[in-house]
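These notes concern the structure reproduced below.
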Amino acid sequence: MNDMTPTREQREAALEGMGCKRKRVEDVRFTQGKGQYVDDLKLPGMVFGDFVRSPYPHAKITRIDASEALKLPGVIAVLTAEDLKGVNLAWMPTLAGDVQMVLADGKVLYQNQEVAFVVAEDRYIADDAIQLVEVDYEELPVLTDPFKSMDSDAPVLRPDLEGKMEGAHGPRKHHNHIFNWEVGDKDETAKAFAEADVTINEMISYHRTHPSPLETCQCVASMDKVKGELTVWGTFQAPHVIRTVASLLSTIPEHKIHVIAPDIGGGFGNKVGAYPGYICSIVASIVTGVPVKWVEDRMENLSTTSFARDYHMTTEIAAKSDGTVTGLKVHVLADHGGFDACADPSKWPAGFFNIVTGSYDFPTAHLEVDGVYTNKAPGGVAYRCSFRVTEAAYCIERGMDILAQKLEMDPADLRIKNFIKPEQFPYQSALGWEYDSGDYHTAMQKAMDTIGYRELRVEQKAKQEAFKRGETREIMGIGVSFFTEIVGAGPSKNCDILGVAMFDSAEIRVHPTGSVISRMGTKSQGQGHETTWAQIIATEIGIPAADIMVEEGNTDTAPYGLGTYGSRSTPVAGAAIALAARKIRNKAQMIAAHMLEVSEYDLEWDVDGFQVKGNPEARKSMKEIAWAAYHAPPPNMEPGLEAVSYYDPPNMTYPFGAYFCVMDIDVDTGVATTRRFYALDDCGTRINPMIIEGQVHGGLTEAFAIAMGQEIRYDETGNVLGASFMDFFIPTAVETPHWETDHTVTPSPHHPIGAKGVGESPNVGGVPAFSNAVNDAFQFLGNTHIQMPHDAWRNWQAAKNLGAHS
Amino acid sequence: MIPGEFTYHRPSSVAEAVAILVSHGDEARPLSGGHSLIPMMKLRMAAPEHLVDLGGIADLKGISEDGGTITIRAMTTQHELIESDLLSEKLPIVRETSLLIADPQIRYLGTLGGNVANGDPGNDMPALMQCLNASYVLTGPDGNREVAARDFYEAAYFTALAPEEILTAVKIPTPPAGHGWAYEKLKRKVGDYATAAAAVMLSMSGGTVTSCSVALTNVADTPLYAADAGDILNGSTLDEATVARAVAAAEAITDPASDGRGPAEYRTKMAGIMMQRALARAAERASA
């Protein structure tokens, strides 16, 4: 070898494969304002759609008169439910097994519900025309409190369901009841509570909020009547699912529907489901024969398309006096609004909420969830979390703090005492999951040592004494959170969406010159797939990431996949990518053997090519092998070098982490200041540490927002309050705390590269850390539980209720 | 979020602008920085048929001092207030308040005239102007008239400004050297209106307050000049009991709405806390 031959390390570094802090390749266009989003699309002859919306939360519609609007020059059409009935699209199925009005059919169920769809030559005319559509409403009694949904005199919200006492998930027990979902062993759990030394019982609410991506939901539908083909560009986290749904609803054959998701400005679960805007745009394009664009504004986004959370969780824990937990019992009242438009896998009406036993070894548990209707917007999507996992993590992490308080134990010590032990993995949880791997003790110890947990408790004690002596008006809280996520939906035995199993896919083509194009069934909305997917391929087949193009979002070219949400991309598609790459490497090995005139069993893989065992100078790089694959493949072998893989995961993955929040609260104003926030994440194998850090920062910022003020509120008469960024809390860099991140690595034993997924962990673990910090701060004044969000006035109110104001 | 149709005017003199307002009456609105009016137009809560952009009128810019009065022309932006050496030296509370308005991008466009003329109780400058005993120069078809900031505000978005008048300047008596000052604003995040805010100006001599004025932001449908609170504090040594009485007097005149910032009771209490904190900082800054 001469001096110019790169060393093994140099060749490895040149790949920028797994573990490399590779800069995000998509940022080259994003940071220059050169991304191509749906609203950037301008097609010849394109017209615009916009909605007439209901000012009333619950009302009968007695008349819709669009005649004045239709007189306005530039107005092309006004669609109502009556028009949609002609094409059988006045209602659409939801992913949760319910049906939802596309346009108000005789009544409205929430404020801002879609009543009519105006199509006009430009957006200004469309909005002018909206003011001219006359709608007569007859107000009905409004139901906003989910705890009153099943009262005997509660108003009937859904006359369409009258007499249907069997829902998509079993019997309904009231006209506003959606489902009852029960998991676990009721009798064993009752026994554990009867025998317990100590029990707690607290109603823990996780308020309604919204994923609020900066880019709202939008689409352009274009029907080519000559070819009979429909093309839909849209903000779709799951473009293939949208294609299948569009085909089923429109009866256009699926191969004649082209769904394209271009660059997406954040999704966070808001862009998984199908919305009236999509259906109306498609119908309008079919009717008019020209492309129709629909773009939500901010208020429409916050008040109509898919809220998140709104879970009211009555939480009971049974324990021995030494702190050992013996049973968990949770009842959830789930507020779904006017329609159950949850975006969960079909068989899971409350998602994977049965991960609620968390990181703890509960011998027995029992869970019931009742879903109810109210006069609020429909939804219940997984806002930067796997399905209902953030609710579950909040429930158990608050519950453990409340138990610690009752036992007069340190909350960190109580957690450690009850952790599932490393040797118990794979661990069967009392509510039916098999946790793949974990080392909770190591992670917790590292976190406590790094943050100086014991010293912080000493400082807190001193500060409490000073407060009692009147020397300070500031109190200090330490929030502990140790979460276990369940992501990677999912195995076909558990998971489907409208009957399609939740696999995912990858296709990799190596070109003759050794560069690559690869396509996946996932769709990045900011996660950085163009960067990280290439890194997996680079490591697996030894071609530099820079020579690998990743393409997603075009259903004509990408293999079928179920999309990106619930931290499923790395656990599912990431595995498909690795397995497709390995198919290529296997074929490459045969080609290399032919080229080197040895048996393939005499070859070994070395970074970026194959070498003869014991004679490393006899080697062929992947670039050389790729060329040979196209111009001189071995006899009897098909030319070319490409592979497709569809991956049905054997299990979910279970990322976990230890988060600590140190907070100071001014009791006179209620203003809370986060002094430190430390997040240790274990997401298994780390593909790109820099992207992980970015994901954790983003997720923590959303967690901070949710815990400390972000909410979709309704008043008693059903008016949605705060549906703008003036009131809906999106923190800026000024409010956002400084994040300290850390990690341990416990690979998933069943995943081809051991990765578990990380995008949502910080939201799941972050919210309880903040809430526990606030609750902990007030504990010495006699507090047991304060509901979120913990904005300043509520903290002030808590201080007042606890007698901290003179 | 799409405004209705309107005709856009861009006059180059105040006289021309007034003439346009006169000819269209209620259907015309002057536009300064646009950060209150344009969002309202997008929500169709305001639908002026004629928008009279004052941005082309050179006469409406500038800050000057003459004979104990500081004059700030109406189209001076909040950014220009922050950058002004004259204000930093003679009237630093204007800079402190400006820095608490919205964010830098908005402050490049938002103007003092627009902020005080619009009558939005959430705006910060109106209470400050009341605290400073400023007066507004209103220019109409019959020339100029002056109205004290303390008399200008009638209700939310209702002021002494007639539809054919333009607020062209703000006149502020130069406060004595060595005065103490502070603007305290509690808000949920950058860009938010105040949950409650308080402006305090005072002078002290030998540990005793010789003059004091207090005004409050966003705790009623107008800015509030807390005359009684100022009177109670005047002549005192800012002892705890007197401060408590003054705070109670200020809280007593508040009548805030309950909204996402908190219930009325909280916002009243925060007005008191902000006043107390502004008072403490102002006293610290005043030369004894």
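Throughout, a chain's letter reflects where its sequence line sits, starting with A, and its residues are numbered from 1.
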Heavy atoms from other residues, nucleotides or ligands near CD of B:Gln105 exceed 12 (cutoff 6.0 Å): no

I'd like to know whether CD of A:Glu471 has more than 12 heavy-atom contacts from other residues, nucleotides or ligands below 6.0 angstrom. yes

Salt bridge or not for A:Asp666 and B:Arg277, using N-O below 4.0 Å? yes

Using side-chain heavy atoms (C-beta onward) and a distance below 4.5 Å, is B:Lys42 in contact with A:Asp297? no

Are the side chains of B:Met1 and A:Glu296 in contact, using a 4.5 Å heavy-atom criterion? no

Non-hydrogen atoms of chain B under 4.5 Å away: do they reach the side chain of A:Arg123, the backbone, both or neither? both

Using 0.5 Å steps for rounding, measure from the CG atom of B:Leu186 to the CH2 atom of A:Trp793. 14.0 Å

Side chain to side chain contact (heavy atoms under 4.5 Å, CB included), that's the test. Do B:Glu265 and A:Lys800 meet it? Break it down for me. CA-CA 12 Å; B:Glu265 182 200 5; A:Lys800 183 172 182 244; 2.8 Å; yes

Should A:Trp796 and B:Met270 count as side-chain neighbours, where that means a heavy-atom distance under 4.5 Å? yes

Among the options A:Thr732, A:Thr669, A:Leu721, A:Asp715, pick out the one with the most heavy-atom pairs lying under 4.5 Å from chain B. A:Thr669

Would you say that more than 12 heavy atoms from the other residues, nucleotides or ligands in this model lie under 6.0 Å from the OH of A:Tyr124, or not? no

Below 4.5 Å from any heavy atom of chain A, which atoms of B:Asp103 appear? Answer side chain, backbone, both or neither. neither

Which answer fits A:Met299, side chain, backbone, both or neither, if we ask what part of it has an atom under 4.5 Å from a heavy atom of chain B? side chain

For A:Met726, is there any backbone N or O sitting under 3.5 Å from a side-chain donor or acceptor partner on B:Tyr193? no

What I'd like to find out is whether the side chain of A:Asp128 reaches to under 4.5 Å of the side chain of B:Arg44, using heavy atoms alone. yes

Test salt bridge (Lys or Arg N to Asp or Glu O under 4.0 Å) applied to A:Asp727 and B:Arg188, step by step: CA-CA 9 Å; A:Asp727 282 305; B:Arg188 295 172 297 182; 2.8 Å; yes

With a 4.0 Å cut-off on N to O distance, would you call B:Lys187 and A:Glu735 a salt bridge? no

Please check if atom CG in B:Asp26 has more than 12 non-hydrogen atoms from other residues, nucleotides or ligands closer than 6.0 Å. no

Segment of A:Gln131 engaging chain B (4.5 angstrom heavy-atom cut-off): side chain

Rounded to the nearest 0.5 Å, what separation is found between the CD1 atom of B:Ile2 and the CD1 atom of A:Ile125? 11.5 Å

Taking all non-hydrogen atoms of both residues into account, name the closest pair between A:Ile730 and B:Lys189 and its distance. O-NZ, 2.5 Å

Is any side-chain N of the basic residue among A:Asp668 and B:Lys269 closer than 4.0 Å to the acidic one's carboxylate O? no

